[in-house]
Number of protein chains: 2
Amino acid sequence: MSTPGRGLHGHVLDTLGPEITAGEYPPGSVLRTDELAQRFDVSRSVMREAVRVLESMHLVESRRRVGVTVRPKAEWNVYDPQVIRWRLAGADRPHQLRSLTVLRSAIEPVAARLTAQHATAEQCAELTECALGMVAHSRGHQLEGYLLHDVAFHRVILTASGNEMFARLGDVVAEVLTGRTQHDVMFEDPDPAAVTLHVRVAEAVRARDADRAEELTREITVGALQELDILVP
Amino acid sequence: MSTPGRGLHGHVLDTLGPEITAGEYPPGSVLRTDELAQRFDVSRSVMREAVRVLESMHLVESRRRVGVTVRPKAEWNVYDPQVIRWRLAGADRPHQLRSLTVLRSAIEPVAARLTAQHATAEQCAELTECALGMVAHSRGHQLEGYLLHDVAFHRVILTASGNEMFARLGDVVAEVLTGRTQHDVMFEDPDPAAVTLHVRVAEAVRARDADRAEELTREITVGALQELDILVP
DNA sequence: GCTCTCAAAAAGTCAGACTTATTCATCACA
DNA sequence: TGTGATGAATAAGTCTGACTTTTTGAGAGC
């Protein structure tokens, strides 16, 4: 998923990033480069590179004679995929999951509308294939296969929209859907209503019915929000 | 706006970042750290820090024995505020502006709905104040004052929604609105219809009418899209 | 034509010395 | 007593040069 072991500075980030995003250092806390270098047993240069990356994510701020201070959560680059992963792996996973699901509920319907307007014939076919794959795997605890097609479906919707900002949320949605299956409750077969909705979205896109595609996708995301409300009230 | 002069590596980024996001190096292009260090007249350590930051933005990928290769646009972290600024300052500014406006049209109505449900009394007052400020500056070429209140208005909507992902888009929206006034055509007074819509959104939020707040905000963003269609067909 | 070996290339890492900005405490002066 | 200047301490910032490690590509040998 991530890119582990891309050098020593990567290893440092894999430890320090989750710690900071988990809130282990309250905002305003001061870290010192030298101490961190000692703690991780790396040279100052490596440590400095790691700090620079954290700084570019707005997680910390480095100032002379002061040190590396942790910034308040409100300033973090919460759209950075790495930050999202760190937070999803940490303590405020439920909170993050809700934020992202609300984001989905805003983005995906509009994306579906655009997809209905702009999708190529190939993308339409891909979408239908995904929906049919979901149907095929929706019974008998074939959760892995189902998830795979579900993720692919939403990824097509987002990329076929033709909007680069939407397209880049494909990974985020994948992470949310995967997390829902893996970590949280999903023992039973998927909701048949949801499966049907996906099929109908694919149909609407193929029929170039933008209004219907948007509305049906809205129903899907509303369902996702309700599911979350049940899991984490 | 940005944070210029935060060290040598910052200066390097301010030059190299815009170059890459402008597409001056086609995807797959190979840069070498040593050459870059020479070009910018900085030490390798400084150059390495800059490369690490570009790497964390997924603009480039650094591999041993190969060099620093530029990644395809589709992989860039397009939500990184710095990347957004670089692109807005560059050649594909119109394209970027459209992407962001579409994003706004998806996010802001939902944010307004949530704000109507969750805003504190203080936030309601703030919103009303912004709307009235817009009215007050909407006649007689007081564009600066108008813009200020417009930006503040949308920022309140996004933060008061209570969703951290929405809140972080405040800066982006500010950049879009500011850019529209400064760079593009905006000689005349603001559209009176738009001003009225803002006032009515504030009213709807105060009245806790989520449906109306969402619908009115949708009209605002539709207007923004139409305005863009006129400017850049 | 194939694999295997080896050398070159470029990033990665480290250690140490030096520079610079910032803070804070001290002290002189009003 | 308050205030502003002075200076020393501090931690980040920078540079240099040597060394390591991984990866690639060319050439040798089969």
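Below, each value reflects all heavy atoms present in this structure, side chains not excepted, and no hydrogens, waters or symmetry copies. First the proteins, then the strands, lettered A, B, ... as listed; each starts at 1.
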- 5' precedence on DNA chain D between A:L31 and B:V66 (nearest-nucleotide basis): A:L31
OP1 or OP2 of [N] under 4.0 Å from side-chain N/O of [X]:
X	N	value
B:R52	C:dG12	yes
A:R48	D:dG13	yes
B:S43	D:dT14	no

- Query: Looking at C:dA11, does its base get a donor-acceptor pair with the side chain of B:R32 below 3.5 Å?
  - Reply: no
- Indicate, yes or no, whether a donor-acceptor pair under 3.5 Å links the base of C:dT23 to the side chain of A:R65. yes
How long is the line joining [atom1] of [X] and [atom2] of [N], in whole Å?
X	N	atom1	atom2	result
B:R44	C:dA10	CZ	C1'	9 Å
B:L8	C:dT20	CG	C1'	11 Å
B:E49	D:dT14	CD	C1'	9 Å
A:H11	C:dG12	NE2	C1'	16 Å
A:D41	C:dA15	CG	P	9 Å
A:R64	D:dA9	CZ	C1'	15 Å
A:M47	C:dA15	CE	P	15 Å
A:E61	D:dG13	CD	C1'	15 Å

- Do B:H154 and B:H149 have ring centroids that are under 6.0 Å from one another? no
- Task: May I ask you to say whether A:D92 pairs ionically with A:K73, meaning some side-chain N is under 4.0 Å from a carboxylate O?
- Result: yes
- Query: Would you call B:R39-B:E19 a salt bridge at under 4.0 Å N-O?
  - Reply: yes
- Item | B:S45 side chain, from C-beta outward: closest of C:dT23, D:dT16, C:dA9 | D:dT16
- Any side-chain heavy atom of A:N77 within less than 4.5 Å of one from B:Q82? no
- Closest to the 5' end of DNA chain C, once A:H9 and A:R63 are matched to their nearest nucleotides, is A:H9
- Message: Please check: side-chain N/O of B:W76 versus main-chain N/O of B:R71, any donor-acceptor pairing under 3.5 Å?
- Response: yes
